[in-house]
Novice: 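I have a structure I would like to understand better, so I am pasting it below and will then ask my questions one at a time.
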Protein chains: 2
Amino acid sequence: MTEPPRPRPATLKDIAMAIGVDISTASKVVNGGGISVRPETRKAILDEAARLNYRPHALARNLRTRRTGALGVLLPDLTNPIYAATIRGAVRRAEALGYVTLVAEAQDDAASASIYAKLVAERRIDGFIIAVAAQNDLIAAIDAQPVPHVFVNRRATIGRSVTVDDEAAARLAAHTLIAAGHTRLGFIGDSDEMDTARRRRAGFLAVAREAGLPPVVDAVGPYSRRGGYEACLKLLAAKPRPTGIFASNLVVGISALAAARSSGVRVPDDVSMVTLDFEDANYSAPPLTAIAMPLDEMGTLAVEELHAMIEGREPKDVVVDVAPTLISRASVAPPPRE
Amino acid sequence: MTEPPRPRPATLKDIAMAIGVDISTASKVVNGGGISVRPETRKAILDEAARLNYRPHALARNLRTRRTGALGVLLPDLTNPIYAATIRGAVRRAEALGYVTLVAEAQDDAASASIYAKLVAERRIDGFIIAVAAQNDLIAAIDAQPVPHVFVNRRATIGRSVTVDDEAAARLAAHTLIAAGHTRLGFIGDSDEMDTARRRRAGFLAVAREAGLPPVVDAVGPYSRRGGYEACLKLLAAKPRPTGIFASNLVVGISALAAARSSGVRVPDDVSMVTLDFEDANYSAPPLTAIAMPLDEMGTLAVEELHAMIEGREPKDVVVDVAPTLISRASVAPPPRE
DNA sequence: GGAGATTAGGCAATGGTTTGACCAATTCGG
DNA sequence: CCGAATTGGTCAAACCATTGCCTAATCTCC
């Protein structure tokens, strides 16, 4: 028994008038709210609501309750697999918690700030997941109009953040190379201004130092395909050339491998390589040994923390760490004999 | 612990009372609406609005105007670079047009339908960009509650769609291989149930037929890394082995290359390979010759079309095609001598 | 039989903005 | 100088759902 297509979605008023009760009664019944109603009245309302496929008008409800049921997500680049994976976790969890997700891409600090300011001023969201750097303009915007927010994969002096344990990942990478027998290590990372890069560098260098190895050759280039390619070229030109390299970013790992190949350097025969994991690492030549970062979980946890803040629950701690794990593939071997 | 005085965002009422005019007057002035006001009154209102950093409460406005200023985006997988690129174009254009973007991921038809139904019934959006297959449940959901929508990279019998010219891309790939001297061609694609795969296959096979070549070896595997890997293995095992392969999907191209390498087949010495382009294709070994699909523009155009529909302008046509282009890199060479 | 409690549900304010209808005072045309 | 037009606004309804406060009727219990 199909209804003829209803032009206008049903409202509480439709239900109330059909049954002959007050709108407020209908509201209280459909919300299961604290009111006493005769069972038959209740049933009639519920039946009618179901028949009309009633859904509360989100805007009207939100206007009244001062909750939007929406979460904002601010990130620098949708096409970067790192953010994509994080956001997927976030979006899924948000949906499970009943939120809708509002995604915005911001190229720079100024854009981040203006998007933040706009969404908050228009009261479109209950909270913000922020995956861009916590810089001046953005911090000012947050200060001016604070709403619950959590930084993801970015530590911030302001608010709270959810990150993976970058330092542990880097340590694991160093241990992997050292365990294979390497002593001359190389590191490819972004500038220390980027806090994830800084933590990874710190972890990697610390392990090398603890192991009493000669200084790590450190190539800094931006976390991009081009940056990784060129940084790796620099590393391979160093004398003596490092035999074990940690490319401290997913995208950089792939392009570093391309750089090695184009220089005629064999992996893993001539140099071993460890990177951070994503699916592509399994389909490179050779497949890359990598450290898996639970980005999905990071996104999930970020939303959970944010939800807790919105609900007013006092957050338990400031950083949630999820342990990285090693995925051994084929890009690590003992160093070549000299 | 006293909360820092969280200033409640300014409302029209605040402005109106400060100046001593009616709320409706303030509203009309800030909206530049059709009302005659003395210049000094106007200035006072505008100044006060600026001073208070007034922004209309989106929910309240939307409730009244029956416009949400939000666009929904429905896609199957955020981490797939194809969708990521499309969505980026869409999100950017949406922002430029003053919309916010609400992103949802749907694993299957049922999930798509339920997300569609929910967002529409709650009246959270003005229109939908749909990047998932137009299947039964989803179509039923759209029928039940139609709102402006455009399918992107998916043709649908219902509504309108924006796609890239898949067939032209496939033709270009075929011509590229043929021009290099190949006669035994191979094709890697998804099942014909997927309309993009079908169009690409059709274009590729048509060119081969027109050129009077022997039948194309056709390997169907899902558009995924694993699918591409295994499909390529099948192709390489065929007798006679094709010397020119078109991997008709970005992700499949990379994994097909890995499959070739792991089988000891050299690219381009033993077999040439063309795929669809994305940035990673430039950092593979060898860099892949590829057909660039303007995914970004597709997303952009999709939003523009949707916007036009929402505005009530009659859409001009059903399919917007953007021409694909060839990017020559290093994975195509003449076929080996026998 | 009457005070008090309980039941079942109505009333009206509220949230912030938009918009068509209306109105008083001034200006203008003739 | 009279009627009409313009100027510079105001009023109130509407959008839809939520929620604290009320009330009328019935029921309970001594």
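Small disclaimer: the values here were computed from a predicted structure and weren't measured. Within every chain, numbering begins at 1; the chains are lettered A, B, ... in the order of the sequence lines, protein sequences first and strands thereafter.
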Novice: So, is B:Tyr54 close to the C:dG16 phosphate, meaning a side-chain N or O under 4.0 Å from OP1 or OP2?
Specialist: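 No, because none of the side-chain N or O atoms of B:Tyr54 sits under 4.0 Å from OP1 or OP2 of C:dG16.
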Novice: Closest nucleotide of DNA chain D for A:Leu63 versus for B:Val37: which of these residues is on the 5' side?
Specialist: B:Val37
Novice: Relative to the ring of B:His149, is the ring of B:Tyr116 parallel (under 30°), tilted (30 to 60°) or perpendicular (over 60°)?
Specialist: perpendicular
Novice: Any side-chain heavy atom of B:Arg88 sitting closer than 4.5 Å to one from B:Asp296?
Specialist: yes
Novice: What's the closest nucleotide to the B:Arg64 side chain, out of D:dT10, D:dA13, D:dA17?
Specialist: D:dA13
Novice: A:Asp22 has an atom CG; how far is it from atom C1' of C:dA13, in whole Å?
Specialist: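 Checked: the CG to C1' distance equals 13 Å.
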Novice: Is a donor-acceptor contact shorter than 3.5 angstrom present between the side chain of A:Ser24 and the base of C:dC11?
Specialist: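 Side chain to base: pair found, below 3.5 Å.
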Novice: Counting only side-chain nitrogens and oxygens, does B:Asn62 get under 4.0 Å of the OP1 or OP2 atom of D:dC15?
Specialist: no
Novice: Within this structure, what is the CD1-to-P distance between A:Ile45 and C:dA8, rounded to whole angstrom?
Specialist: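 Distance check: A:Ile45 CD1 to C:dA8 P gives 13 Å.
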Novice: Below 4.0 angstrom, N of the basic side chain to O of the carboxylate: do B:Arg51 and B:Glu48 qualify?
Specialist: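 Salt bridge present between B:Arg51 and B:Glu48.
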Novice: Using whole Å, report how far CG of A:Leu12 lies from P of D:dT19.
Specialist: 12 Å
Novice: Just to confirm, is there a sub-4.0 Å distance from OP1 or OP2 of D:dA17 to any side-chain nitrogen or oxygen of A:Ser27?
Specialist: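 So the side-chain polar atoms of A:Ser27 never come under 4.0 Å of the phosphate oxygens OP1 or OP2 of D:dA17.
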Novice: Assign B:Thr25 to base, sugar-phosphate, or nothing according to its heavy-atom contacts below 4.0 angstrom with the strands shown.
Specialist: base
Novice: Is it the case that D:dG8 (base atoms only) and B:Ser36 (side chain only) share a donor and an acceptor within less than 3.5 Å, ignoring hydrogens and angles?
Specialist: yes
Novice: With distance as the sole criterion, do the side chain of A:Lys28 and the base of C:dG10 form a donor-acceptor contact below 3.5 Å?
Specialist: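 Side chain to base: pair found, below 3.5 Å.
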Novice: Is any side-chain N or O of A:Thr65 closer than 4.0 Å to OP1 or OP2 of D:dT18?
Specialist: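 False: A:Thr65 side-chain N/O out of range (4.0 Å or more) of D:dT18 OP1/OP2.
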Novice: B:Asn31 side chain N/O closer than 4.0 Å to the phosphate oxygens (OP1, OP2) of C:dT18?
Specialist: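 Answer is yes, contact under 4.0 Å.
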Novice: Find the distance B:Lys43:NZ to D:dG8:P and express it as a whole number of Å.
Specialist: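 To the nearest whole Å, that distance equals 17 Å.
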Novice: Do A:Leu301 and A:Arg93 have side chains that get closer than 4.5 Å, going by heavy atoms?
Specialist: no
Novice: For the base of C:dT17, is there a side-chain donor-acceptor partner from B:Lys13 under 3.5 Å away?
Specialist: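 Per atom types, no contact qualifies.
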Novice: Any side-chain N or O of A:Arg61 below 4.0 angstrom from OP1/OP2 of D:dT18?
Specialist: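 Yes, A:Arg61 has a side-chain N/O under 4.0 Å of OP1/OP2 on D:dT18.
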Novice: Mind checking whether A:Arg154 and A:Thr163 have side chains closer than 4.5 Å, heavy atoms only?
Specialist: no
Novice: A:Ile19 CD1 to C:dG9 C1': how many Å, rounded?
Specialist: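 Taking CD1 of A:Ile19 and C1' of C:dG9, I get 14 Å after rounding.
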Novice: Expressed as a whole number of angstroms, how long is the span from B:Ile15:CD1 to C:dT18:P?
Specialist: 11 Å
Novice: Mapping B:Thr41 and A:Pro56 to their closest nucleotides on DNA chain D, which lands nearer the 5' end?
Specialist: B:Thr41
Novice: Please report, rounded to the nearest Å, how far the C1' atom of D:dG8 is from the CD atom of B:Glu40.
Specialist: 11 Å
Novice: So does A:Arg38 get a side-chain nitrogen or oxygen closer than 4.0 Å to the phosphate oxygens (OP1/OP2) of C:dG9?
Specialist: yes
Novice: Nearest whole Å is fine: how far is D:dA14 C1' from B:Ile23 CD1?
Specialist: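 Taking CD1 of B:Ile23 and C1' of D:dA14, I get 14 Å after rounding.
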Novice: With a 4.0 Å cutoff (strictly under), does any side-chain N or O of B:Arg66 reach OP1 or OP2 of D:dC16?
Specialist: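 Yes, because at least one side-chain N or O of B:Arg66 sits under 4.0 Å from OP1 or OP2 of D:dC16.
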Novice: Any donor and acceptor pair, going by atom type alone, linking the side chain of B:Ser112 with main-chain N or O of B:Ala106 inside 3.5 Å?
Specialist: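 Checked: no pair found.
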